[in-house]
Undergrad: 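I'd like to ask some things about the structure below.
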Number of protein chains: 2
Amino acid sequence: MVTIKKIADLCGVSRGTVDRVINDRGNVKPETRELVLNMAKQLGYKPNPAGKALSARKKHPVVGVLLSSEGNPFFEDVIRGIKLAAEKYEIYGLKVIWRNMRGYDVSSQYEIMEDLKDKVNALIINPVNDPVIIKEIDEFVDTGIFVVTVNNDVDNSKRQCYVGSDYINGGETAGALLQMIIPSGANIGIIMGSSKVLGHKQRLAGFEKNISKNPKFKIVDIQENDDDDISSYDKTKIMLEKHKEINAVFIVAAGVYGACRAVLSLDKQNDLTIIAFDTVPTTIEMMKKHVIKAVIYQHPYRQGQRAMQIVFEYLVNGISPDKSKHIMKNEIKILENL
Amino acid sequence: MVTIKKIADLCGVSRGTVDRVINDRGNVKPETRELVLNMAKQLGYKPNPAGKALSARKKHPVVGVLLSSEGNPFFEDVIRGIKLAAEKYEIYGLKVIWRNMRGYDVSSQYEIMEDLKDKVNALIINPVNDPVIIKEIDEFVDTGIFVVTVNNDVDNSKRQCYVGSDYINGGETAGALLQMIIPSGANIGIIMGSSKVLGHKQRLAGFEKNISKNPKFKIVDIQENDDDDISSYDKTKIMLEKHKEINAVFIVAAGVYGACRAVLSLDKQNDLTIIAFDTVPTTIEMMKKHVIKAVIYQHPYRQGQRAMQIVFEYLVNGISPDKSKHIMKNEIKILENL
DNA sequence: TTGTACGCGTTATCAC
DNA sequence: GTGATAACGCGTACAA
């Protein structure tokens, strides 16, 4: 096994020098630097995480977690994943600052970020895809703060890593699933969250792309509920009353419960095939009532866990993520394999 | 943060004594033992894995991996998972001895185990569920070897942990899925591996249990292929020729490719709904050809990774698994979300 | 029965 | 620029 000490001995220098070279701390003569670097490469030096972790304790690394989790049960599992990982890493001196907000308001998110800026070494964030936030993320990174976006990503930022699902594929999978369940064709009503949310748009695009290959499937109407259950209830009710020919409903984002209640209030649960996303408690309830046939599941728990793990490996072990995107598979869940 | 040193100071004893108490090495006066134990509990002492890992290096822990992977592509992903984890842990001095065998022959497995017995500190095994093997597993554990069964478990052994799927639930999920795809009902032909394999029997039981609730679904025939593609091809062909009424095929274990080739040779791929297990390359090929509609997936990669992780945490960090069974979910995979 | 001292690999802090 | 040294937390061999 190759250690700093071994490299130092072989190069005829001290451990300190090798450390300076490997961690780019400067104050090393270029030729010794070269020598050490070559030796390290030749021997295939890999720093020992245990050693790093042990000495990292003194740094007391802090990670901020900022999620739009208030009133959004989807994030419960993400939080559970983050929390479990954080507990595991507590022993290494890792501290977590939790911040949550409601909805996707740019200025609220910006304010919380500003507040966190001088308090954390890393940030796990479910970001609003807005120029203001993107700029702020870049500033975090420039300040030396390690940023991981979770569940949603933003366009072209300096964030080190994204952990989440492939939204387009989620929509495609939902489309294919629908065709598998109703091979004879369907008139589809779509309830989406907001066309301002990138992920929702992508899911819809994936769904449309897949469904458009089959002439027996037609999208009759698309309504936005802004992820709100009451709005979802109203919009769904109106949609179903207006388009009696609808025999399938695709719920793209939140507001699943509201939409299902609308279906129940019209007593249409036996005439409709409903597909939705995520296994929040109210959705499971509706699956048990056989209102929802199937959902697409994006491993929220693992998203949270993975995000925290990536932060830990960077902060404590000094290991940068191997991929800039960690994508969770879209799974199909029915009542039996929840 | 609470360390051994801190406990020692607070109790007015030395670090050595605290270590003796915590690791039950004896040679401690009962009253000091009590004192230390109380203090540790009160402060919520958790040993630091980094420290443990660092000192564990001197032990050079070795883990044996014994899988029936020869000629069984399912295990490719399990192996990938084990390998990746093992590489990650290499730096801690963890070494792996790989052994693979073909099929489920008791005496071959026993012989390899005997050979490994004095070479390893832990064993990851895909065991044959046979008294001889169970006894051998127990002997391993008695010798102080940490045993994790993967993918298959055995009845009532001393093995510390099982990592795998819930086979009964896998069958149930398959049954429910079939009913979702063909709501009008089906005459089902079943191709199973071997009734001697517990997992296969359990899958069948789960499937039958689920399907039996619906009078529109009937099992017409059940054939065993012994996980062999040629046998699978023949049996499937005969079954489909004999029972023209069959419109759905449930393939319980391996031999998926053989069964599908039989379907293709009879040009029945458009008249049959086929459900199978696992996403081995030949199965994916058949999904792309639209011969297989959907498969149940049991996270083979994660099974491997998890098994190795559990071994690592025990051997290097001294942490025993929190659960004696680590069950992976049965996922539904169609072409789109593979 | 108990205490001491060292090593594991890395990093930070001195002193030169 | 560089080298020596002291942590970090744990396990263990050895001394008392």
Side-chain angles (χ1 to χ4, degrees), chain A residues 1-37 40 43-61 89-94 313-319, chain B residues 1-36 40 43-61 89-94 121 313-319:
Chain A
M1 198 71 11
V2 41
T3 68
I4 284 189
K5 186 179 146 68
K6 190 172 275 175
I7 294 172
D9 288 348
L10 285 165
C11 290
V13 296
S14 75
R15 294 201 290 265
T17 303
V18 177
D19 176 65
R20 277 185 281 269
V21 171
I22 284 168
N23 296 83
D24 253 329
R25 299 187 215 282
N27 292 329
V28 181
K29 218 197 307 180
E31 45 212 86
T32 34
R33 191 185 130 83
E34 204 62 28
L35 176 69
V36 169
L37 235 39
L43 299 184
Y45 170 72
K46 290 265 169 60
N48 185 324
K52 284 215 177 213
L54 211 45
S55 59
R57 288 196 57 153
K58 306 172 213 170
K59 292 193 221 162
H60 292 290
Y89 302 140
E90 209 175 14
I91 194 79
Y92 296 94
L94 198 73
E313 300 225 311
Y314 178 77
L315 245 39
V316 176
N317 293 332
I319 300 172
Chain B
M1 199 70 14
V2 39
T3 69
I4 285 189
K5 186 177 144 69
K6 189 170 276 176
I7 294 173
D9 288 348
L10 285 166
C11 290
V13 296
S14 74
R15 293 188 282 274
T17 304
V18 177
D19 174 69
R20 277 184 283 270
V21 171
I22 284 168
N23 296 85
D24 252 328
R25 300 186 215 282
N27 291 329
V28 180
K29 215 200 306 178
E31 46 212 85
T32 34
R33 189 185 131 82
E34 203 61 28
L35 176 69
V36 170
L43 299 184
Y45 170 72
K46 291 263 171 61
N48 185 323
K52 286 217 175 209
L54 215 45
S55 61
R57 284 197 60 148
K58 306 174 212 170
K59 292 194 219 161
H60 291 290
Y89 301 140
E90 209 175 13
I91 193 77
Y92 295 94
L94 199 73
N121 308 105
E313 301 225 309
Y314 178 78
L315 244 38
V316 176
N317 291 333
I319 300 172

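What's counted below: heavy atoms across the whole structure, side chains too, no hydrogens, waters or symmetry copies. In what follows, every chain begins at residue 1, and chains take the letters A, B, ... in the order their sequences are listed.
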Undergrad: Please report the distance, rounded to the nearest Å, between CG in A:N27 and C1' in C:dT13.
TA: 13 Å

Undergrad: Please tell me if the side chains of B:N48 and B:M1 come closer than 4.5 Å, counting only heavy atoms from C-beta onward.
TA: no

Undergrad: Does B:Y45, at its OH atom, have more than 12 non-hydrogen atoms belonging to other residues, nucleotides or ligands within less than 6.0 Å?
TA: yes

Undergrad: Is it the case that the base of C:dG3 and the side chain of B:R20 share a donor-acceptor contact (distance under 3.5 Å, atom types as modelled)?
TA: yes

Undergrad: At 10 degrees resolution, what angle do the end axes of the helix from C:dT1-D:dA16 to C:dC16-D:dG1 form when each is taken over five base pairs?
TA: 50°

Undergrad: Roughly how far apart are B:D24 CG and B:D19 CG, rounded to 0.5 Å?
TA: 11.0 Å

Undergrad: Just the rounded figure in Å: distance from P of D:dG11 to CD1 of B:I319.
TA: 11 Å

Undergrad: Using 0.5 Å steps for rounding, measure from the OG1 atom of A:T17 to the CD1 atom of A:I7.
TA: 12.0 Å

Undergrad: Between B:T17 and C:dT1, does any side-chain N or O lie under 4.0 Å from OP1 or OP2?
TA: no

Undergrad: side-chain contact (heavy atoms from CB on, under 4.5 Å) between B:V13 and B:V21: does it pass, once the steps are laid out?
TA: CA-CA 11 Å; B:V13 296; B:V21 171; over 6 Å; no

Undergrad: Would you mind reading off the distance between B:Y92 atom OH and D:dC10 atom C1', rounded to a whole angstrom?
TA: 14 Å

Undergrad: Just wondering, are more than 12 heavy atoms of other shown residues or ligands nearer than 6.0 Å to OH in A:Y314?
TA: no

Undergrad: To the nearest 0.5 Å, what is the distance between OH on A:Y92 and CG on A:N317?
TA: 7.5 Å

Undergrad: Using side-chain contact (heavy atoms from CB on, under 4.5 Å) as the criterion, point out the one residue from B:V28, B:I22, B:N27, B:N23 that pairs with B:R25.
TA: B:N23

Undergrad: To the nearest Å, how far apart are B:E34 CD and C:dT1 C1'?
TA: 17 Å

Undergrad: Which protein N or O atoms sit under 3.5 Å from an N or O of nucleotides 7-11 of chain C?
TA:
residue, atom, partner, partner atom, Å
C:dG9, OP1, B:R57, NH1, 3.4
C:dG9, OP1, B:R57, NH2, 3.4
C:dT10, OP1, A:Y45, OH, 2.4
C:dT10, OP1, A:N48, N, 3.0
C:dT10, OP2, A:I4, N, 2.9
C:dT11, OP1, A:K52, NZ, 3.0
C:dT11, OP2, A:D19, OD1, 3.0
C:dT11, OP2, A:N23, OD1, 3.3
C:dT11, O4', A:S55, OG, 3.4

